[in-house]
Amino acid sequence: MKYKKIIIAIDGYSSTGKSTMAKRLAAEIGYRYIDSGAMYRVVTLCALRNNLIDADGTIDINALNRLLDVIKIDFVVTPNGQRTYLDGEDVEQEIRSMTVADNVSAIAAIPSVRKVLTRLQQDMGRDKGIVMDGRDIGTTVFPDAEMKLFVTATPQTRARRRYKELLEKGMKATLEEVMENILRRDKMDENRKESPLRKADDAIMIDNSLLTLDQQHRHVLNLFHEIARTNDDC
Ligand code: CDP
């Protein structure tokens with residue numbers, strides 16, 4: 001059986017397990033996995049470190065734009081998963097903090113930030129063979145992606161998953177804080193002007209509230225086989 005190289009775009013709400021789904025699929029089919037949310041998180045971390053976000057949430061957009069010209073974001077795949085680097089420093093752990101999560105959706109709503117990151121993401125997909133997850137991958141970044149998924153789960157399931165993940169990483173948060181954060185971010189992501197979170201018309205909806213990781217993996221792998229299979233050898 002022959003398969004063509006395609007782009008797989010996975011979008012959906014916060015903490016729906018998109019990255020777990022994307023990573024496992026990418027590993028199985030030998031594709032590159034890119035977590036676009038990590039890029040928005042890195043820019044947020046950078047803004048926080050440079051004191052560009054006031055206590056009242058006002059962002060110094062001009063200063064942020066100047067930073068965007070010079071910062072360098074890298075992803076390195078290690079045996080223990082993907083690591084995100086900011087100017088050569090491993091910031092994988094720091095970008096997952098609640099402080100970054102509390103500010104990221106405001107940063108992601110800034111058009112100039114989206115423009116720079118969208119271009120970087122499109123460059124990464126130039127040769128296809130990529131799985132990218134985020135909020136606007138199937139609608140804005142790769143509107144022509146051959147395979148598009150839109151992932152949902154109930155808010156309770158999502159908050160429990162993210163809470164467990166944070167505890168496992170030794171980070172502090174309460175279940176209530178996590179729930180409040182993901183619901184607030186979803187609302188901001190859905191209501192922003194630029195590339196809001198929405199399902200692309202041609203995306204396949206997956207509600208994984210009741211699916212085990214293995215069931216979910218088999219489902220998306222079958223979809224990949226159906227979509228990427230070519231008839232070249234017939
Ligand atoms: O891990 P989680 O699903 O909660 O979020 P993430 O994928 O790390 O993304 C963090 C934030 O970045 C989201 O809440 C969005 O505000 C923003 N984002 C975006 O606007 N567009 C993307 N393609 C990816 C993330």
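We count ligands from 1, going down the list as the structure has it; atoms in each ligand are counted the same way.
For Arg41, every heavy-atom contact with ligand 1 shorter than 4.0 Å involves the side chain, none the backbone. Residue contacts with ligand 1, taken as heavy atom pairs separated by less than 4.0 Å, do not involve Ile182 at all.
Residues Tyr3 and Phe224 place their aromatic rings such that the two centres sit under 6.0 Å apart.
Arg114 contributes a side-chain N or O that, together with a main-chain N or O of Ala108, makes up a donor-acceptor pair within less than 3.5 Å.
Closest of all the heavy-atom pairs between Phe142 and Lys148 is O-CE, 3.8 Å.
More than 12 heavy atoms of other residues, nucleotides or ligands lie within 6.0 Å of NZ in Lys169, so this atom counts as buried by the packing criterion. In this structure, Lys187 places its NZ atom where only 12 or fewer heavy-atom neighbours from other residues, nucleotides or ligands lie under 6.0 Å away. Within a 6.0 Å radius of CZ in Arg119, other residues, nucleotides and ligands contribute 12 heavy atoms or fewer.
Between Ser14 and ligand 1, at least one N/O pair is under 3.5 Å apart. Taking only nitrogen or oxygen atoms, main chain and side chain alike, Tyr13 does not reach within less than 3.5 Å of ligand 1. Between Asp189 and ligand 1, an N or O atom pair is found at a separation short of 3.5 Å. Geometrically, ligand 1 and Arg192 share a nitrogen or oxygen pair separated by less than 3.5 Å.
With respect to atom 10 (C) of ligand 1, the closest heavy atom belonging to the protein is Arg185 NH1, 3.5 Å. The protein atom (non-hydrogen) at minimum distance from atom 24 (C) of ligand 1 is Ser36 OG, 3.3 Å. The protein non-hydrogen atom at the shortest distance from atom 17 (C) of ligand 1 is Ala108 CB, 3.7 Å. Among protein heavy atoms, atom 23 (N) of ligand 1 sits closest to Asp136 OD1, 2.8 Å.
Here the shortest heavy-atom distance to atom 2 (P) of ligand 1, taken over Glu165, Glu190, Arg114, Arg162, belongs to Arg162. Considering each of Arg135, Arg184, Glu194, the one bringing a non-hydrogen atom nearest atom 5 (O) of ligand 1 is Arg135.
Atoms of ligand 1 lying under 4.0 Å from any heavy atom of Ile137, numbered from 1 in the order shown and given with element: 23 (N). Within the listing of ligand 1, atoms 3 (O) sit less than 4.0 angstrom from a heavy atom of Lys18. Interface atoms of ligand 1 facing Ser105, defined by a heavy-atom separation under 4.0 Å, are 14 (O), 16 (O). Atoms of ligand 1 lying under 4.0 Å from at least one heavy atom of Gly37, given by number and element, are 6 (P), 7 (O), 8 (O), 9 (O), 24 (C), 25 (C).
None of Leu86, Ile110, Ile95, Leu68 except one satisfies the side-chain contact (heavy atoms from CB on, under 4.5 Å) rule with Val43; the exception is Leu68. The side-chain contact (heavy atoms from CB on, under 4.5 Å) test with Asp11 is passed by exactly one of Leu149, Ile137, Thr16: Ile137. Test Gln215, His219, Arg161 against Asn208 for side-chain hydrogen bond (donor to acceptor under 3.5 Å, both in side chains) and you get one pass: Arg161.
A 4.5 Å side-chain heavy-atom check between Thr157 and Leu210 finds every atom pair outside the cut-off.
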